[in-house]
Asks: 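Before I ask anything, here is the structure I am working with.
Keep in mind the model is a prediction, meaning the values are calculated, not measured. Note that ligands are numbered from 1 as they come in the structure, with each ligand's atoms numbered from 1 the same way. The chain is numbered in sequence order, starting from 1.
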Amino acid sequence: MNVLRKILVDKDVSCKSVWFMRQAGRYLPEFREIRLKNRDFIKLCLNSELSAEITLQPIKRFDLDAAIIFSDILLVPHILGQNVDFKTEGGPKLKNFRFEKLKDNKPKDFLNKMKPVYDAIKITREKLDNTKSLIGFVGAPWTLLIYMLNLSKDKSPRIESLLSSETMDDVLDILHEYLCLHIKNQINAGAEIIQIFDSWAGLLSESDLVKFCYEPNLKLVEYCKKMRTPVICFPKGIKEKYSDFNKFVKPDALNLDYDLDPRWCKDNLKNVTLQGGLHPKTLLETESIMLEAAAKYVKIFQDIPYIFNLGHGLLPETDPVRLDKLIKFYRQHS
Ligand code: 1CP
């Protein structure tokens with residue numbers, strides 16, 4: 001069994017492990033080279049050979065314990081009929097939401113269109129050393145909805161004003177169905193761990209957290225458990241509600257965001273593996289500031305099951321040499 005699974009499943013404190021969100025991406029010159037020749041981001045995600053190659057780029061460069069498949073959470077709404085445009089300034093833009101169109105989807109068509117992702121997972125798994133994990137992922141329904149309804153610029157979106165509660169329930173159910181299908185096929189292709197990204201959970205008011213964040217995450221976590229696959233949740237931005245989330249959803253692991261105090265996390269998040277937390281901006285600071293910040297996380301979490309990672313994805317400005325120093329520091333001091 002590989003090291004990540006030992007920490008996630010056996011809660012083995014003696015195991016040390018490190019990988020990074022967005023480790024396959026824009027900060028790597030070898031990624032930018034491929035990207036320049038492949039202007040259509042969605043097409044690139046659906047090119048199995050290139051997706052596998054990009055997934056393995058950080059593994060070739062650094063001493064990491066896991067690869068995360070090069071894909072995107074927005075591929076699901078794209079394939080469900082809401083074309084995504086990544087070219088626009090100010091984040092990805094989706095075609096207007098139409099409930100009738102969403103409802104018309106068929107699982108068989110979804111799987112046919114997603115097949116290149118599953119092929120990329122197969123190719124990657126064959127090329128990846130057995131000691132390393134391959135992570136598949138999905139966006140949580142709420143975070144997908146934010147993009148589908150074009151609300152990512154909205155600080156406190158009023159959900160009631162957008163869809164009737166009946167339609168909303170149907171949309172959540174449809175998303176759940178396709179996310180399960182996507183999880184299942186990633187696992188069958190060779191993904192051994194699933195991470196659920198709820199990047200916009202922090203936009204929800206306290207009273208909406210249960211319905212739009214905890215419940216949809218719980219349903220996906222239960223599905224992963226049924227598939228006997230460890231699952232990591234990332235309800236970014238919900239502050240101290242991480243504790244309620246943990247009790248409600250009971251994932252194998254929680255990815256901490258950079259807003260959380262790591263000491264508070266250790267005291268309040270129990271019976272769960274913790275992952276990440278370090279602010280990605282610390283990698284842009286001087287080396288000593290970065291290492292001091294990293295040392296804090298290593299020290300606080302040394303005696304509980306912990307996977308070293310960040311409090312959000314690596315920034316495009318990150319120097320790969322700097323990342324290598326961080327990984328070496330972690331290997332020496334954990
Ligand atoms: O322009 C480019 O070259 C594309 C940049 C890029 C990359 C490298 C995007 C566009 N997506 C990705 C890959 C990606 N996205 C991965 C796989 C690679 C890896 O992690 O190493 C994963 C797991 C994601 C997940 C993702 N996409 C999330 C959840 C995590 C998070 O960052 O909060 C979200 C919200 C997205 C949406 C998205 N995709 C891309 C952009 C520019 C955005 C908008 C949000 C953002 O800028 O992060």
Asks: I'd like to check M168 versus F212 (side-chain heavy atoms, cut-off strictly below 4.5 Å). Are they in contact?
Replies: yes

Asks: Working note: F137 + F197, criterion ring-ring contact (aromatic ring centres under 6.0 Å, His included); need CA distance, chi angles, decisive distance, verdict.
Replies: CA-CA 7 Å; F137 66 88; F197 290 96; 5.7 Å; yes

Asks: Can you list the ligand 1 atoms lying under 4.0 Å from a non-hydrogen atom of F197?
Replies: 23 (C), 29 (C), 30 (C)

Asks: State, with a plain yes or no, whether a side-chain heavy atom of L283 is found less than 4.5 Å away from one of L310.
Replies: yes

Asks: Among P92, A24, G91, which one puts a heavy atom closest to atom 44 (C) of ligand 1?
Replies: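 It is P92 that holds the nearest heavy atom.
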
Asks: Would you tell me which option among D72, D198, I73 has the nearest heavy-atom contact to atom 11 (N) of ligand 1?
Replies: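 Result: the heavy atom closest to atom 11 (N) of ligand 1 is in D72.
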
Asks: Could you tell me which atoms of ligand 1, counted from 1 in the order shown, lie closer than 4.0 angstrom to a heavy atom of F86?
Replies: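 Numbered from 1, ligand 1 contributes 10 (C), 39 (N), 40 (C), 41 (C).
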
Asks: Closer than 4.0 Å to some heavy atom of F31 - which atoms of ligand 1 meet that?
Replies: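 Taking each heavy atom of F31 in turn, ligand 1 has 3 (O) under 4.0 Å.
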
Asks: Of the protein's non-hydrogen atoms, which lies at the shortest distance from atom 35 (C) of ligand 1, and what is that distance?
Replies: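 Nearest neighbour among protein heavy atoms for atom 35 (C) of ligand 1, to 0.1 Å: Y147 OH, 3.2 Å.
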
Asks: Centre-to-centre under 6.0 Å for H333 and F308, is that the case here?
Replies: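 No.
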
Asks: With a cut-off of 4.0 Å, which atoms of ligand 1 are near a heavy atom of I68?
Replies: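 That gives atoms 19 (C), 20 (O), 21 (O), 23 (C) of ligand 1.
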
Asks: Can you tell me which residue and heavy atom of the protein come closest to atom 5 (C) of ligand 1, and the distance to 0.1 Å?
Replies: R26 NE, 3.4 Å

Asks: Which of the listed options, R35, R32, M21, holds the heavy atom that is closest to atom 1 (O) of ligand 1?
Replies: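 The residue whose heavy atom sits nearest atom 1 (O) of ligand 1 is R35.
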
Asks: Looking only at protein heavy atoms, which one is nearest to atom 7 (C) of ligand 1, and what is the separation?
Replies: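 Going atom by atom, the protein heavy atom closest to atom 7 (C) of ligand 1 ends up being F41 CZ, 3.7 Å.
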
Asks: Are E30 and K60 close enough for a salt bridge, meaning some N to O gap below 4.0 Å?
Replies: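 No.
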
Asks: Nearest heavy atom to atom 17 (C) of ligand 1: which of G139, S71, G136 does it belong to?
Replies: S71

Asks: How does W200 reach ligand 1, by side chain, by backbone, by both or by neither, if only non-hydrogen atoms under 4.0 Å count?
Replies: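 Neither part.
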
Asks: Hey, which atoms in ligand 1 end up nearer than 4.0 Å to a heavy atom of Q23?
Replies: 19 (C), 21 (O)

Asks: Could you tell me which atoms of ligand 1, counted from 1 in the order shown, lie closer than 4.0 angstrom to a heavy atom of I69?
Replies: 17 (C)

Asks: To check your reading of the model: name the closest protein heavy atom to atom 22 (C) of ligand 1, its residue, and the distance in Å.
Replies: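 Protein heavy atom at minimum distance: F137 CZ, 3.6 Å.
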
Asks: For this output row, return yes or no: ring centroids of F41 and F70 closer than 6.0 angstrom.
Replies: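 Here the rings of F70 and F41 have centres that are less than 6.0 Å from each other.
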
Asks: Looking only at protein heavy atoms, which one is nearest to atom 26 (C) of ligand 1, and how far off is it?
Replies: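 Of every protein heavy atom, R22 NH2, 3.1 Å lies nearest to atom 26 (C) of ligand 1.
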
Asks: Got I34 and L50 here, is their nearest side-chain heavy-atom distance under 4.5 Å?
Replies: yes

Asks: Does any non-hydrogen side-chain atom of V272 lie less than 4.5 Å from one of L274?
Replies: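 Yes - at least one pair of side-chain heavy atoms lies under 4.5 Å apart.
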
Asks: Could you tell me which atoms of ligand 1, counted from 1 in the order shown, lie closer than 4.0 angstrom to a heavy atom of H312?
Replies: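 What qualifies from ligand 1 is 31 (C), 32 (O), 33 (O).
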
Asks: Hey, is D109 close enough to K113 for a salt bridge, meaning N to O under 4.0 Å?
Replies: no

Asks: Using a 4.0 Å cutoff against the non-hydrogen atoms of S199, which atoms of ligand 1 qualify?
Replies: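 Within the 4.0 Å cut-off of S199, ligand 1 contributes 29 (C), 30 (C), 31 (C), 33 (O), 35 (C).
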
Asks: Just heavy atoms, cut-off under 4.0 Å: does F234 contact ligand 1 by side chain, backbone, both, or neither?
Replies: neither

